[in-house]
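Data first, discussion second: the structure below is written as C-alpha cells.
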Amino acid sequence: MEIKGSVSVPPLDALAVRTLRRRLLRWFAAFQRDLPWRKTRDPYAIWISEVMLQQTQVATVIPYYNRFLIQLPDIKTLANADIEAVLALWAGLGYYRRAHQMHRAAREILVKHDGQLPSRFAELLRLPGFGPYTAGAVGSIAFGQRVPAVDGNVLRVMTRILADNRNIRAPETQREFRAAAQDWLPSRRVGAFNQALMELGATICTVRNPQCRICPLNAVCRSFQTGTPMQYPVRTRRETRRHLYLAAIFVVSDRNQVLMARRPSAGLWAGLWELPSLEVSGSAGPPGDRWAMQMGRELGIVLRHPQPVKRINHTLTHREITVWIYAGMVPGRRDRGHHSSVRAAIRVPASGLWDHYADIQWMVDPHQLPLSVLAKKQLAAVQAPERRTVRPDEI
DNA sequence: GATCCGTGGAC
DNA sequence: TGTCCAAGGAT
C-alpha cells in the first residue's frame with residue numbers, strides 16, 4: 001500500500017495567475033446565472049443569501065430567500081422579530097442553528113454597529129454564524145474588500161487547477177487554500193472574481209462530468225493537462241451514519257387538538273416542533289408498549305393499549321433515524337379550554353420529557369408551527385386522509 | 001482535529 | 001434502495 005502524497009504543490013506563476021483572472025472574469029461576465037441575490041447590492045440581502053447557501057444548493061435556497069426578504073426585509077426587522085417567526089421562515093432548510101445565529105447577529109449589529117453590517121472582514125468574522133467563507137463572501141461581494149471566499153466549489157476548482165491532492169477536509173489545508181486564493185485575487189472586481197470561481201465550480205468544474213473542453217481555465221489547469229481532473233479533490237471519507245431509534249406519541253384531545261413539543265434551543269432541530277418523543281434503545285422492531293406508557297405517564301395522559309401505529313424513517317448526514325409513533329388518548333376532563341400549557345393543566349412531576357423539551361402545547365393546527373421535515377413526515381403519517389386518521393380509542 | 005448539525009438533488 | 005455532497009460554522 002502506497003502512502004498518499006500530501007506535499008503542497010508549487011503555486012501558479014504570475015503569468016498563469018494573470019491569465020486566470022482575465023479569463024475567469026470574462027467568462028463570468030458572459031455566462032453567469034441569473035440569481036436573485038445578484039440583482040441587489042444590499043449587504044443585508046447578500047448576507048442572507050450567503051447564510052442560506054451554506055451547504056445548501058442554489059435551487060433549494062431561492063424560494064426561501066425570496067420569502068425571507070419579503071417578511072424580514074432589513075436588519076432591524078430581523079432583529080426585532082421573534083425567533084419563532086425566523087424559524088418559521090427557515091423551516092425545511094435545515095441547519096437551524098444558522099437561523100438562530102443570524103437572529104443573534106442582527107441584534108448584535110443593531111447594538112454594536114448602529115444597524116449596519118460592518119464592512120471589514122475581521123469584524124464580520126466576529127459575528128455569530130460568520131466563518132472565514134461567509135465573512136469573505138460578504139466582505140468581497142457586498143463591500144468590495146479584497147478577501148477570498150473559499151467554499152467547496154472553490155476548493156474543487158483550485159485542487160484541480162493545482163493538481164493538489166491534500167485532504168481538503170483538514171482545516172490546515174483549507175487555510176492554505178485561502179492564502180492561495182488571496183494571491184489569485186485581482187486588485188478590483190474581487191466580488192465578481194470570488195463569485196466567478198464558485199460559479200465555475202457549480203456549472204463547469206462540477207463533481208461529476210466536469211466540462212473541461214469548454215472551461216475558460218483549461219489552459220492553466222494542471223489536472224486537465226494530465227487528464228486527471230476526477231482525481232480531485234481528495235477528502236477523507238465520512239464515518240458511517242449511526243442509527244437513532246425514537247418513540248413518539250400522537251395524542252389527540254376530544255377537541256381535536258394534537259400534543260406538540262418544542263425542542264431545546266440547541267442541538268438537533270433547535271427550536272422546532274415535533275411529536276413528543278424519547279430515544280429508545282437500539283432495536284430493529286418496535287420498542288414496546290412501555291416507552292409509550294412512560295411518555296403517557298409523564299404527560300399525565302392515559303394510553304389505552306398503545307400500539308405502534310406508524311414507523312417513520314429519516315436520513316440525515318450523520319444519522320439514520322427510525323421513529324415509532326404510538327397513539328394515545330386523553331382523559332375526559334383534561335381539556336377545559338382555559339389552559340394553554342399542558343404543564344399548567346396537569347401538574348406532572350419533573351420528568352425526562354419535561355426536562356428535555358422547551359415547551360409542550362396542544363395545537364389545533366400543528367402546521368402553524370415551525371416544523372422540521374421529520375415532524376412533517378410524522379404528522380403526514382398519522383393524519384394521512386387516505387389512511388383515515390388513527391383515533392386513540394380505536395386501537 | 002473530530003464531530004455535530006438537515007435536507008434534497010443527482011446518479 | 002444507497003452513496004455522495006452542496007456558496008460552512010461551532011464546539
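Every chain is numbered from 1, with letters handed out A, B, ... down the list of sequences.
- Counting non-hydrogen atoms under 4.0 angstrom, A:L316 reaches a base of the nucleic acid.
- Among the heavy atoms of the strands lying under 4.0 Å from A:R33 is at least one base atom, whether or not backbone atoms are also near.
- Within residues 133-142 of chain A, the residues that have a heavy atom under 4.0 Å from DNA chain C are, in order of number, A:Y133, A:T134.
- Residue A:R38 is the one, among A:F130 and A:R38, whose nearest nucleotide of DNA chain C lies closer to the 5' end (criterion: closest heavy atom).
- Separating the CG atom of A:L272 from the P atom of B:dC5 is a distance of 14 Å, rounded to the nearest angstrom.
- Distance alone, capped at 3.5 Å, is enough to place a donor-acceptor pair between the A:H100 side chain and the A:A270 backbone.
- For the C1' atoms, the distance linking C:dT11 with B:dG1 amounts to 11 Å, nearest Å.
- Taking the P atoms as reference points, C:dA7 lies 14 Å from B:dC11, given to the whole Å.
- If you check the side chains of A:T315 and A:E320, you find a donor sitting under 3.5 Å from an acceptor.
- Taking atom CG of residue A:L89 and atom P of nucleotide B:dT7, one finds them 16 Å apart after rounding to whole Å.
- A:R169 comes within 4.0 angstrom of nothing in the nucleic acid, heavy atoms only.
- Extent of DNA chain C lying under 4.0 Å from chain A heavy atoms, first and last nucleotide in 5' to 3' order, is C:dC4 to C:dA10.
- Residues A:L93 and A:R175 each lie close to DNA chain B; by heavy-atom proximity, the contact nearer the 5' end of the strand is made by A:R175.
- Geometrically, A:R97 does not engage A:Y95 in a cation-pi contact defined by less than 6.0 Å to the ring centre and at most 45° from the axis.
- Atom P of nucleotide B:dT7 and atom CH2 of A:W269 are separated by 6 Å, given to the nearest angstrom.
- Checked by atom type and distance alone, the side chain of A:R160 never pairs as donor or acceptor with a backbone atom of A:S223 at under 3.5 Å.
- Using a cut-off of 4.0 Å between Lys/Arg side-chain N and Asp/Glu carboxylate O, A:D74 and A:K76 are scored as not salt-bridged.
- Closest-nucleotide positions on DNA chain C for A:E50 and A:P128 were compared, and the one nearer the 5' end corresponds to A:E50.
- Contact annotation for A:Q195: no contact, since no heavy-atom pair falls under 4.0 Å across all strands.
- Looking at every heavy atom in both residues, A:L72 comes nearest to A:A81 through CD2-CB, 3.8 Å.
- Counting to the nearest Å, the C1' atom of B:dC5 and the CD atom of A:E320 are 16 Å from each other.
- Between the side chains of A:S49 and A:Y64, no donor N or O sits under 3.5 Å from an acceptor N or O.
- Residue A:W90 is out of contact with every strand shown, counting any heavy-atom pair closer than 4.0 Å.
- Counting to the nearest Å, the C1' atom of B:dT7 and the NZ atom of A:K377 are 10 Å from each other.
- Within 4.0 Å (heavy atoms only), A:V154 reaches no atom of the nucleic acid at all.
- Of the charged side-chain nitrogens involved, at least one lies within less than 4.0 Å of a carboxylate oxygen, so that A:D34 and A:K39 count as a salt-bridged pair.
- Rounded to whole Å, the distance from CZ on A:R97 to P on B:dT7 is 14 Å.
- Counted by atom type alone, A:Q195 and A:W37 present zero donor-acceptor pairs between their side chains at under 3.5 Å.
- Between the CD atom in A:Q378 and the CG atom in A:L275 there is a gap of 4.0 Å [rounded to 0.5 Å].
- Taking atom C1' in both C:dC4 and B:dG6, the straight-line distance is 15 Å, to the nearest Å.
- At a cut-off of 3.5 Å, with distance as the only test, a side-chain donor of A:R98 or A:T56 sits close to an acceptor on the other residue.
- Note on A:L125: nothing from the nucleic acid sits closer than 4.0 angstrom, heavy atoms only.
- Heavy-atom nearest nucleotides on DNA chain B were determined for A:A170 and for A:H318, and the one closer to the 5' end corresponds to A:A170.
- Ring to ring, A:W47 and A:F130 are close: their centroids are under 6.0 angstrom apart.
- Aromatic ring pairs are classed by plane angle as parallel below 30°, tilted from 30° to 60° and perpendicular above 60°; the pair A:W269 and A:H314 is tilted.
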Please write out each protein N/O paired with an N/O of nucleotides 8-10 of chain B under 3.5 Å, distance rounded to 0.1 Å.
residue : atom : partner : partner atom : Å
B:dG9   : O4'  : A:Q57   : OE1          : 3.1

